[in-house]
Amino acid sequence: MIIKLFNVWYFFWLILSAGAIVGLYFALRNKSDKTKNTVLFSFLALGLLLHFLKVFIPPYSVKESVKLSESWFVNICGANIALFPFLFFSKNKGVKDYMFYIGVISGFLALIYPVEPIEKVDKIGETLDTIRFYYHHWMLLAVPLLMVLLKVHTISYKRIFCAPTGLLALMLFIIINQVLQSELGFIPLRNSDMFNINWRNNSFIWGPDDGIGKLFTPFCPDFFKTIPVGEFAGQEKYWPWFWMIFPVFILVTPLSFALSMIFEHKNFANDVKAFYKCMRSYVYKKN
């Protein structure tokens, strides 16, 4: 796996992704807010369009079942690709903070560890899909990051809980997508594969897979790992969605806070000083 990961193309895409962000920053930093918003939204709109157009390229175009199932928004990055173009125009600062924290985290992780390109069966025949993969995940990272760098949006460390709560809400959106897929026949009706945690990338909503998903299990209470009542009470079974609540808050919150400190460290330091002075004054008056 290490040999497959660290090759010339791996570093090519990383350098290209970083270079594109830097280039766009310098190209847009002195432009009007209207121009910045238009350019950034264009990347999001193109990403949404590509999501649907991918059914015309391998592997989706040559396998009907894959075409039908993957045209929906069945994982975190896919759902964000669907929602970001609409969230971009929200006036709610918490929504924009969600875009920044989750977009940067998920996009960065996907570029650093690009599972789909690594596992491509037909690497040459699926070149277009590899390009699509990198564009989609670059977009999720680049647009929210540029929103902040270009001062289109100002994040706040006080709103970091928008990240885990927003992510859990997104997971409910994914569940609805997956259930509708099954009920409407895009995948076989009530297909057991839909609930197979090793079948495809479903963002661990139905439980941890045999790989990376196991990293989240130590943060999940045992209560959410077993069937509580009925004939199979006591047997191991991860509660769909619920089992991810603790891991999401425990892992995403500090990551979001760390990201916020890149831009908010001065405000945080001033707030800490102000709190210290307030507490010191309170103690002094009380004594």
Student: Going by atom types alone, do Thr127 and Thr130 pair a side-chain donor with an acceptor below 3.5 Å?
Tutor: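 Side-chain D/A pair, Thr127 to Thr130: absent.
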Student: Asp97 vs Tyr101, test: side chain to side chain contact (heavy atoms under 4.5 Å, CB included). Steps then yes/no.
Tutor: CA-CA 6 Å; Asp97 277 14; Tyr101 294 126; 3.9 Å; yes
Student: Answer yes if the side chains of Trp72 and Gln178 hold a donor-acceptor pair under 3.5 Å, and no otherwise.
Tutor: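 No donor-acceptor contact under 3.5 Å links the two side chains.
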Student: Taking ring-ring contact (aromatic ring centres under 6.0 Å, His included) as the test, write out the residues that go with Trp241, two or more places apart.
Tutor: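 Partners of Trp241 by the ring-ring contact (aromatic ring centres under 6.0 Å, His included) criterion come out as none, since no residue qualifies.
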Student: For Val22, enumerate each residue passing the side chain to side chain contact (heavy atoms under 4.5 Å, CB included) test, keeping only those at least two apart in sequence or located in another chain.
Tutor: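 By the side chain to side chain contact (heavy atoms under 4.5 Å, CB included) rule, Val22 matches Phe26.
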Student: Only counting residues at least two apart or in another chain, list the ones meeting side chain to side chain contact (heavy atoms under 4.5 Å, CB included) with Phe232.
Tutor: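 Phe232: side chain to side chain contact (heavy atoms under 4.5 Å, CB included) contacts with Ile227, Gln235.
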Student: What pairs with Phe108 under ring-ring contact (aromatic ring centres under 6.0 Å, His included), at least two apart in sequence or on another chain?
Tutor: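 So Phe108 forms no ring-ring contact (aromatic ring centres under 6.0 Å, His included) with any residue.
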Student: With sequence neighbours excluded, what pairs up with Lys225 under the salt bridge (charged side-chain N to carboxylate O under 4.0 Å, His left out) test?
Tutor: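 Lys225 satisfies salt bridge (charged side-chain N to carboxylate O under 4.0 Å, His left out) with Asp222 only.
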Student: Go through the steps to decide whether His136 and Cys77 satisfy the test side chain to side chain contact (heavy atoms under 4.5 Å, CB included), and finish with yes or no.
Tutor: CA-CA 8 Å; His136 270 150; Cys77 289; over 6 Å; no
Student: For Arg132, what residues pass the salt bridge (charged side-chain N to carboxylate O under 4.0 Å, His left out) criterion, not counting sequence neighbours?
Tutor: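 Salt bridge (charged side-chain N to carboxylate O under 4.0 Å, His left out) check on Arg132 returns Glu116, Asp129.
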Student: With sequence neighbours excluded, tell me which residues meet side chain to side chain contact (heavy atoms under 4.5 Å, CB included) with Phe268.
Tutor: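 Side chain to side chain contact (heavy atoms under 4.5 Å, CB included) list for Phe268, sorted by chain: Tyr157, Phe257, Met261, Val272.
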Student: Do any side-chain atoms of residues 37-47 form donor-acceptor pairs under 3.5 angstrom with protein atoms, and if so which ones, sequence neighbours left out?
Tutor:
from  : atom 1 : to    : atom 2 : distance (Å)
Asn37 : ND2    : Asp33 : O      : 3.1
Thr38 : OG1    : Lys34 : O      : 2.7
Ser42 : OG     : Thr38 : O      : 2.7

Student: Not counting sequence neighbours, which residues clear salt bridge (charged side-chain N to carboxylate O under 4.0 Å, His left out) with Lys93? List them please.
Tutor: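 Testing Lys93 for salt bridge (charged side-chain N to carboxylate O under 4.0 Å, His left out), a comparison that skips the adjacent residues, returns none.
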Student: Scan the side chains in residues 139-147 for donor-acceptor partners under 3.5 Å anywhere in the protein, sequence neighbours excluded, and list what turns up.
Tutor:
none

Student: Could you go through residues 81-92 and list every donor-acceptor pair under 3.5 Å that involves a side-chain atom there, pairing it with any protein atom two or more places apart or in another chain?
Tutor:
from  : atom 1 : to    : atom 2 : distance (Å)
Ser90 : OG     : Asn92 : N      : 3.0
Asn92 : OD1    : Gly94 : N      : 2.7
Asn92 : OD1    : Val95 : N      : 3.1

Student: For the rings on Trp243 and Phe224, is their centre-to-centre separation under 6.0 Å?
Tutor: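 They do not qualify: ring centres at least 6.0 Å apart.
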Student: According to side chain to side chain contact (heavy atoms under 4.5 Å, CB included), who are the partners of Met244, at least two apart in sequence or on a separate chain?
Tutor: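 Only Met171, Phe204, Val248 meet the side chain to side chain contact (heavy atoms under 4.5 Å, CB included) criterion with Met244.
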